Amino acid sequence: MTIGFIGTGVISEAMIRGLSDVAGYTDQIMVSKRSFDRSKRLSEAYSNITICETNTEVVDQSDWVFVGVLPDQVAMVLQALPFKTTQKVISLVAGVGLKDLKRYLYPCEDVIRAIPMPPIEFGKGPLAICPSDDAFETFANKIGVVVSIDDEDQYNLFGAASALMSDFFAQIASVSKWMQLHGLDPTASARYASALYESLAFLTTKESAESLTRMSDACQTPGGLNEQFFNFRQSCGVDQSLHDGLNQILKRLESSD
Ligand SMILES: NC(=O)c1ccc[n+]([C@@H]2O[C@H](COP(=O)([O-])OP(=O)(O)OC[C@H]3O[C@@H](n4cnc5c(N)ncnc54)[C@H](OP(=O)(O)O)[C@@H]3O)[C@@H](O)[C@H]2O)c1
């Protein structure tokens, strides 16, 4: 099977590297010429990658086409291309719904939305997809944790949660910075903070949906350090600000769909 990428940006590169390095994908991958430095880097790294002169060439030669352009580019780019009914198109674009996509991709009807995250490069992280699709799920499970859903409104919840990325990195950097302000050297601070967050996040992957909510309680020994810190942060309204922020992003995604 040949796959193609319209838009060879940050997230397309992460997917291509994940597919190649983790999933061992060796079939043909067609990429568009735009972002030439990146396309060239990829074609030099993997012998199965071909840089196409035009987007039309990518579409003509691919069984599945991934769309990785920015939201405000998607209508103009896709409407100009000769998609076929036999193709599957996977849009990575945030905030452009299936109805609009199918209009731009006519006559192709086999359209999926997906939200990969940058760690997909290393075969890690969630990959939300809508609607569910057996063939794509089998393919994508090799590079991430696929969570599929048929209801597009609920899919937006994943889109909103994916906006946590910058805040998450900032929190780890802030813990590291706090240690440095108290005199610890930057390398030890960063090393400790990132290993701490990575290992705690890892533990959550071992829990069931029900026990996830009990993990915080379980480490709050009465009168202990965890309990003190947790109660202080709760009194600052961290839960409320998290939910308010997610609600804002959700509203924005719902209004752009
Ligand atoms: N980054 C993430 O973590 C992430 C995660 C999930 C989903 N997404 C979604 O994925 C999409 C891409 O995001 P990104 O972060 O990868 O953005 P990006 O790095 O800016 O990539 C966009 C790419 O589209 C190319 N492009 C623009 N116009 C084009 C055209 N007419 N024909 C072919 N290629 C064209 C750009 O090329 P030039 O550089 O030459 O303009 C660039 O390579 C977005 O819609 C975003 O919502 C991103």
Side-chain angles (χ1 to χ4, degrees), residues 3-20 29-45 49-62 64-83 89-101 104-105 111-130 136 139-140 143-149 152 155-170 246 249-250 252-257:
I3 60 173
F5 285 79
I6 304 283
T8 321
V10 171
I11 204 69
S12 295
E13 176 171 13
M15 276 200 90
I16 290 170
R17 289 190 180 278
L19 285 169
S20 306
I29 300 179
M30 319 304 285
V31 296
S32 47
K33 197 171 183 176
R34 288 282 292 265
S35 282
F36 186 63
D37 286 351
R38 183 174 271 117
S39 319
K40 188 161 170 282
R41 188 164 70 229
L42 286 166
S43 72
E44 285 166 358
I49 292 190
T50 304
I51 302 175
C52 296
E53 281 301 317
T54 63
N55 290 332
T56 298
E57 216 179 296
V58 176
V59 172
D60 276 346
Q61 300 193 35
S62 304
W64 290 6
V65 180
F66 291 81
V67 181
V69 295
L70 298 175
D72 60 354
Q73 298 164 335
V74 78
M76 198 188 70
V77 172
L78 296 186
Q79 277 169 333
L81 297 172
F83 289 95
V89 175
I90 302 102
S91 168
L92 312 178
V93 182
V96 180
L98 287 170
K99 197 165 153 235
D100 283 336
L101 287 168
Y104 307 147
L105 294 164
V111 184
I112 302 168
R113 296 179 67 187
I115 313 170
M117 302 298 288
I120 203 163
E121 174 176 356
F122 305 102
K124 299 271 183 211
L127 214 160
I129 73 169
C130 177
F136 183 63
F139 177 90
I143 46 170
V145 177
V146 173
V147 184
S148 69
I149 195 147
E152 202 172 10
Y155 175 78
N156 279 330
L157 298 171
F158 301 129
S162 74
L164 283 168
M165 198 161 54
S166 174
D167 185 67
F168 176 80
F169 292 143
L246 288 170
I249 306 299
L250 183 62
R252 183 169 158 190
L253 289 174
E254 286 170 345
S255 65
S256 61
D257 261 6

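Since we're looking at a predicted model, the values are computed, not measured. Atoms within each ligand, like the ligands themselves, are counted from 1 in listed order. Counting begins at 1 with the first residue of the sequence.
Contact annotation: Gln73 has at least one heavy atom less than 4.0 Å from an atom of ligand 1.
What sits closest to atom 47 (O) of ligand 1 on the protein, heavy atoms only, is Ala94 N, 3.1 Å. Remark: minimum distance from atom 42 (C) of ligand 1 to any protein heavy atom is reached at Ser35 OG, 3.4 Å. For atom 15 (O) of ligand 1, the nearest protein heavy atom (residue, atom name, distance) is Val10 CB, 3.9 Å. Protein heavy atom nearest atom 9 (C) of ligand 1, with residue, atom name and distance: Leu92 O, 3.0 Å.
Only the side chain of Val77 comes within contact range of ligand 1, with a heavy atom under 4.0 Å; no backbone atom does. Within the 4.0 Å heavy-atom criterion, neither part of Ala14 lies near ligand 1.
The distance from atom CD of Gln61 to atom CD1 of Ile29, rounded to the nearest 0.5 Å, is 13.5 Å.
For a threshold of 3.5 Å applied to N or O pairs, the pair formed by Ser12 and ligand 1 contains no separation below that value. Close N/O approach between Ile11 and ligand 1 is found [any backbone or side-chain N/O within under 3.5 Å]. Not one N or O of Ile115 is nearer than 3.5 Å to an N or O of ligand 1, by distance alone. Residue Arg34 places at least one N or O, backbone or side chain, under 3.5 Å from an N or O of ligand 1.
Relative to atom 26 (N) of ligand 1, the option among Val69, Val74, Ile6 with the closest non-hydrogen atom is Val69. Between Gly68, Cys52, Ser32, it is Gly68 that holds the heavy atom closest to atom 12 (C) of ligand 1.
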